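These notes are about the structure you will find just below.
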Protein chains: 2
Amino acid sequence: MTPADKPPPVDVGRRKRFDARRNQQTLLDAAAAVFVRAGVDAPVREIAAEAGVGMGTIYRHFPTRADLVVAVFRHQLDALADATTTTPAADETPYEALRSWVARFADFLVTKHGLAEALHSDQAGFERLHAEFVDRLLPVLDQLLKASAAAGRTRADIRAYDLMLAVGNLCIGAETFPDYQARRMIDLLLAGLAQDTPPPSGQ
Amino acid sequence: MTPADKPPPVDVGRRKRFDARRNQQTLLDAAAAVFVRAGVDAPVREIAAEAGVGMGTIYRHFPTRADLVVAVFRHQLDALADATTTTPAADETPYEALRSWVARFADFLVTKHGLAEALHSDQAGFERLHAEFVDRLLPVLDQLLKASAAAGRTRADIRAYDLMLAVGNLCIGAETFPDYQARRMIDLLLAGLAQDTPPPSGQ
DNA sequence: CTCATATACGGAACATCGCTCCGATTGGCA
DNA sequence: TGCCAATCGGAGCGATGTTCCGTATATGAG
């Protein structure tokens, strides 16, 4: 093995002690379980207890609470980010694609207790969570939005960033206040986004 | 004085010691000042320090943080609640009245640092804040909404409660994330609320 | 197999919250 | 003036996120 064979360009975590990698996975599983039953605001101590490790172990693997949250939901984030690639535009119009993606995004946020709230919290450390979501999902939504606008189906003067935060915001309180129908309000927002004008060039 | 002369039906606070009433006002002023410069999440201790009183004094007058917040903003809440009475429908259509009230509501939330966030927080004690807002403002919004729907200008299948929480939610992050244009998204929501159908009987 | 050491672990400790409690203080009345 | 209940002040409690450091252990060399 020449030294150039494996010059760690990014230390992905392969070069760690065995128990370290095992504990990292244990922590992810424990955190996922606790998040489901106690929300993403669950105390760090509770996650540590669930995983059967000490506080120090958590903070070595995930420097801040937000990092742990991001790590737990990363694969679901990936799924949302791959959406366009997976279903570019088979049998649905760009507008329908936009709608269904937003619906999946909303489902994701509503399902995870307190995720939507945390996303917009100004609590120290949670900007990371916000940034992660924006980085991963904004390009996808932007593409969907532009496609729909290009088809003349939706307004072209709405920025993906605003829409993404708005949808995220509308999900807040969906479970705290059972009477609040977040999805209905998201539909209302999307209705406002739609244009009466049929495709300008197509007709 | 017959015992029936002043049987405190509701002790409005007139029957208190002088220093007590003075401190209550001092606290309201101090809290208002601190809220402006540090947001509604400012530590209670900081408000106590600003007012130059001890912790006990705060909690005697306002049993919980949320009560203090409510008290500070009560007169602004009153102004929003009186809106319809003040301006029933002079020179504007019911839809315009609805739009301008929502705009004032949004301005109120955006201006106060963190108020929108606090409104939807599931933190213990903040349900009071939520309840106060709903109790005071829901009737007003409901009336505006029904009037606009009756004029055929807006959809009739949207509940005032949902709309109120939605508008409140859309205000979240307006100052935490400077790029986010909350008012634009509120306009989008209201656009979705509007109906294409012109006033069926009026025109 | 033994041992040395870098690595990872555990949990006590710290700072910061909201909120409670109780002894000290003081306003208001006879 | 003097009493007493109402009020005040701030130490204290429990919870939380995060840091620190002494201890335990995985792992590669001999």
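If you're wondering where the values come from, they're calculated on a predicted model, not measured in any experiment. Below, chain A is the first sequence line, B the second, and so on; all start at residue 1.
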Val110(A): side-chain contact (heavy atoms from CB on, under 4.5 Å) partners, not counting sequence neighbours: Cys171(A), Ala174(A), Arg183(A)
List in chain and number order the residues that pass side-chain contact (heavy atoms from CB on, under 4.5 Å) with Ala38(A), two or more places apart in sequence or in another chain; answer none if no residue qualifies.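 Ala38(A): side-chain contact (heavy atoms from CB on, under 4.5 Å) contacts with Val34(A), Ala42(A), Glu46(A).
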[X] [atom1] - [N] [atom2] separation (whole Å):
X: Arg60(B); N: dT25(C); atom1: CZ; atom2: P; result: 16 Å
X: Leu68(B); N: dG18(C); atom1: CG; atom2: P; result: 11 Å
X: Ile47(A); N: dT18(D); atom1: CD1; atom2: P; result: 11 Å
X: Met55(A); N: dG17(D); atom1: CE; atom2: P; result: 8 Å
X: Ile58(A); N: dG10(C); atom1: CD1; atom2: C1'; result: 12 Å
X: Asn23(B); N: dT25(C); atom1: CG; atom2: C1'; result: 13 Å
X: Asp67(A); N: dG17(D); atom1: CG; atom2: P; result: 14 Å
X: Tyr59(B); N: dC17(C); atom1: OH; atom2: P; result: 12 Å

Any side-chain N or O of [X] less than 4.0 Å from the OP1 or OP2 oxygen of [N]?
X: Thr57(A); N: dA8(C); result: no
X: Thr64(B); N: dG18(C); result: no
X: His61(A); N: dA8(C); result: no
X: Arg65(B); N: dG18(C); result: yes

By nearest heavy atom, map Phe18(B) and Pro43(B) onto DNA chain C; which one lands nearer the 5' end? Pro43(B)
Asp19(B) or Gly56(B): which one's nearest nucleotide on DNA chain C is closer to the 5' end? Gly56(B)
Aromatic plane relationship, His120(B) with Phe177(A) - under 30° parallel, 30 to 60° tilted, over 60° perpendicular: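 Aromatic pair Phe177(A)/His120(B) classed perpendicular.
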For the base of dT7(D), is there a side-chain donor-acceptor partner from Arg17(B) under 3.5 Å away? no
Assess whether one donor atom and one acceptor atom, taken from the side chain of Arg45(B) and the base of dG12(D), lie less than 3.5 Å apart.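 Donor-acceptor pair under 3.5 Å: yes.
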What does Ala51(B) touch in the nucleic acid at a heavy-atom separation under 4.0 angstrom: a base, only the sugar-phosphate, or nothing?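 The residue Ala51(B) makes no contact with any strand.
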Given Asp19(B), which of Arg21(B), Arg17(B), Arg22(B) fulfils the side chain to side chain donor-acceptor pair (under 3.5 Å) condition?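 Of all the options given, the one that passes is Arg17(B).
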So how far is it from Arg159(A) CZ to Asp142(A) CG, rounded to the nearest 0.5 Å? 11.0 Å
